[in-house]
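Because only heavy atoms are used, hydrogens play no part in the values below, and waters and symmetry mates are left out as well, while side chains stay in. What you see is a predicted model, and the numbers here were worked out from it, not measured in a lab.
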Amino acid sequence: MKRLVYILKIPAALILALLLASPAIASVSDLAEAIRALPGKLNAPEVAELAEAIKKLPKEVYAGIIPRADFRDLVKEVGPAVVNVSTERASRARGRSFSPFPSPFDEDFDFFFPFGRPGPGMPPQGRRQSSLGSGFIISEDGYIVTNNHVVEGAEVIRINFDSSRNKDTSFDAEVIGVDKETDLALLKIESPQKLPFIKFGDSDALEVGEWVVAIGNPLGLDHTVTAGILSAKFRNIDTSSLVRFLQTDASINPGNSGGPLLNLRGEVIGINTAIASQAQGIGFAIPSSLAREIIDNLKTDRKVTRGWLGVTIQTVDAATAKALGLPEAKGALIGGVIPNQPAAQAGIEPGDVILKIDDQEIRNPEELQQTIMRRKPGDTVNASVWRDGKAMAFKIKLMQRDLNLADSGAPSTEGDASDSSSLGLQIRPLNEQEASHLRLTPKQGLLVIQADPEKLGSKAGIKRGDVILGIGRKPVGSVDEFNKEANALLQKQGAIILQINRGGNTFIVSIAGK
């Protein structure tokens with residue numbers, strides 16, 4: 001109690017001054033850090049003691065001295081730099097719903113179109129279609145950031161300011177560059193006057209639970225402000241995307257696309273991009289740490305170039321590590337290798353595990369993806385790869401990332417089959433037509449006709465229509481050979497890995513015995 005009286009008595013004026021001068025102070029930790037940063041107010045020992053003592057105050061006490069969140073000054077400061085992006089384009093034909101990058105989560109995550117995504121029931125082809133999105137100015141000479149899906153295919157792009165704040169309220173915009181993989185676009189307008197702008201902040205420094213503010217044009221409601229917290233980081237909502245999103249419960253809706261997600265200092269820490277359509281109040285934003293780098297590239301070169309290995313990658317789980325003899329479950333498992341691409345040319349094979357790129361340890365597929373995408377085409381990297389129970393070294397010369405190499409489609413599931421009883425899979429060799437469709441030879445794979453839901457194969461994720469290419473790195477050419485090898489390995493080491501081709505894409509499935 002004596003300590004508490006001392007704290008509240010001596011620095012009362014100081015605490016009050018800090019609260020009034022620093023609207024970003026929203027927690028005891030913030031207040032303690034602000035006191036530490038004050039020059040010349042108290043001597044160093046007093047500041048340190050006071051800061052630590054404040055952190056130990058009971059909740060009932062500090063709840064009375066920490067203000068409720070107040071965003072008025074923030075909105076006044078940065079609001080003028082948030083813009084409405086309106087576009088006109090020829091409407092798309094009726095068909096599949098749009099997503100900026102194809103995703104197995106397509107039914108669960110919506111990318112912000114203000115009046116729903118184009119799809120069934122949309123206007124017939126040939127009519128004009130208008131849409132609204134959001135954006136924000138990042139420099140006084142008129143550079144604007146938004147989402148690629150806001151402006152993709154647009155024939156006319158107009159930037160509209162809040163008419164109550166700006167005399168010149170509307171400008172035609174030029175697309176400087178786009179990056180489809182991260183769904184970012186950089187626009188430019190020409191204004192006779194200097195424009196208000198917002199700076200990027202550091203999304204990596206943001207912690208879950210901190211206040212965030214969204215400003216945009218949801219459902220055409222101009223310059224709407226909402227607030228919430230950062231509810232999660234590093235969300236992988238799309239397996240084909242390079243982005244690990246920020247998650248927030250700040251209310252964002254169709255039309256918020258491309259608008260800023262701000263910290264309490266008024267800095268952009270995210271670009272609002274997607275919502276969980278089946279949830280209440282869950283939205284996703286591209287982190288500023290990624291966006292700033294891409295926007296700089298677009299501003300300089302009008303495009304983004306990335307390194308490319310030419311592989312599909314997967315997580316190394318406990319069963320995979322056991323089957324491969326890895327001491328621990330880490331690294332990036334190579335599920336498939338695209339012919340004539342960098343990894344294939346260097347000798348990388350399906351079933352390999354990449355543990356390190358140069359001096360960078362690779363703990364999971366995301367780290368490999370992020371490490372390679374930050375390298376330039378033509379760079380040579382040194383890869384440490386786990387194969388046959390030991391680490392091996394490979395030099396890989398990267399190429400330009402190619403998005404058009406993936407195939408699609410699935411073979412027929414008609415025909416006779418044999419049952420692999422330990423895995424619960426009915427399998428047979430591919431016929432010539434099926435093999436040709438997948439660019440395989442008839443002797444190269446075994447087609448899964450049925451997967452017993454109660455057996456190991458189905459529980460590991462193998463589905464009807466999958467093609468088994470091999471066990472580990474060993475190809476299989478006959479049903480008998482496969483059954484014999486699979487049963488032997490399960491008995492010997494308790495786990496196996498299978499090379500699977502699904503719809504033209506190859507990956508690894510790990511199966512642990514009972």
Side-chain angles (χ1 to χ4, degrees), residues 11 14-39 50-51 54-55 57 59 61-83 134-139 145 162 165 196-218 223-235 245-253 256 258-273 281-292 295:
L14 176 60
I15 292 174
L16 179 61
L18 280 169
L19 294 178
L20 294 175
S22 307
I25 293 177
S27 70
V28 170
S29 294
D30 289 340
L31 181 58
E33 292 305 314
I35 291 174
R36 278 200 183 95
L38 278 178
L50 179 58
I54 286 175
K55 286 186 177 182
L57 285 174
K59 291 183 179 179
V61 175
Y62 71 67
I65 65 172
I66 298 298
R68 292 177 178 269
D70 186 338
F71 310 113
R72 290 174 295 177
D73 290 338
L74 183 154
V75 173
K76 289 176 184 177
E77 179 183 354
V78 304
V82 180
V83 297
S134 305
F136 55 96
I137 307 170
I138 59 170
S139 64
V145 173
D162 184 346
R165 302 184 185 191
F197 63 93
I198 316 176
K199 295 180 180 180
F200 280 110
D202 184 2
S203 58
D204 291 341
L206 200 67
E207 296 184 21
V208 173
E210 289 192 49
W211 280 105
V212 290
V213 176
I215 306 179
N217 304 287
H223 281 75
T224 294
V225 179
T226 57
I229 63 168
L230 182 73
S231 53
K233 298 174 73 173
F234 310 117
R235 285 296 193 215
F245 292 87
L246 303 177
Q247 178 183 306
T248 179
D249 67 351
S251 179
I252 45 181
N253 292 279
N256 274 108
L261 189 67
L262 304 147
N263 62 21
L264 291 186
R265 289 182 290 277
E267 300 167 331
V268 177
I269 50 85
I271 295 90
N272 298 320
T273 300
I282 298 179
F284 301 92
I286 302 166
S288 62
S289 57
L290 173 63
R292 177 164 44 192
I295 294 303

Q: Would you check if Asn272 and Ser134 make a side-chain contact, meaning some heavy-atom pair closer than 4.5 Å?
A: no
Q: For residues Lys199 and Val268, determine if any side-chain heavy atom of one lies less than 4.5 Å from a side-chain heavy atom of the other.
A: no
Q: Examine distances only and state if a side-chain atom of Thr273 and a backbone atom of Ile271 form a donor-acceptor pair shorter than 3.5 Å.
A: yes
Q. Would you say the side-chain atoms of Thr248 pair up with the backbone N or O of Ile229, donor to acceptor, closer than 3.5 Å?
A. yes
Would you name the heavy atoms of [X] and [Y] that are closest together and state the gap between them?
| X | Y | result |
| --- | --- | --- |
| Gly228 | Trp211 | O-CE3, 3.1 Å |
| Ile215 | Leu262 | CD1-CD1, 3.8 Å |
| Ser231 | Val208 | O-CG1, 3.6 Å |
| Glu267 | Phe200 | CB-C, 4.2 Å |
| Ser139 | Ile137 | O-CG2, 3.1 Å |
| Pro287 | Ser203 | CB-OG, 3.5 Å |

Q. What's the spacing between Asn253 CG and Thr226 OG1 if we round to 0.5 Å?
A. 8.0 Å
(Q) Nearest 0.5 angstrom please: Ile282 CD1 to Asp249 CG, how far? (A) 8.5 Å
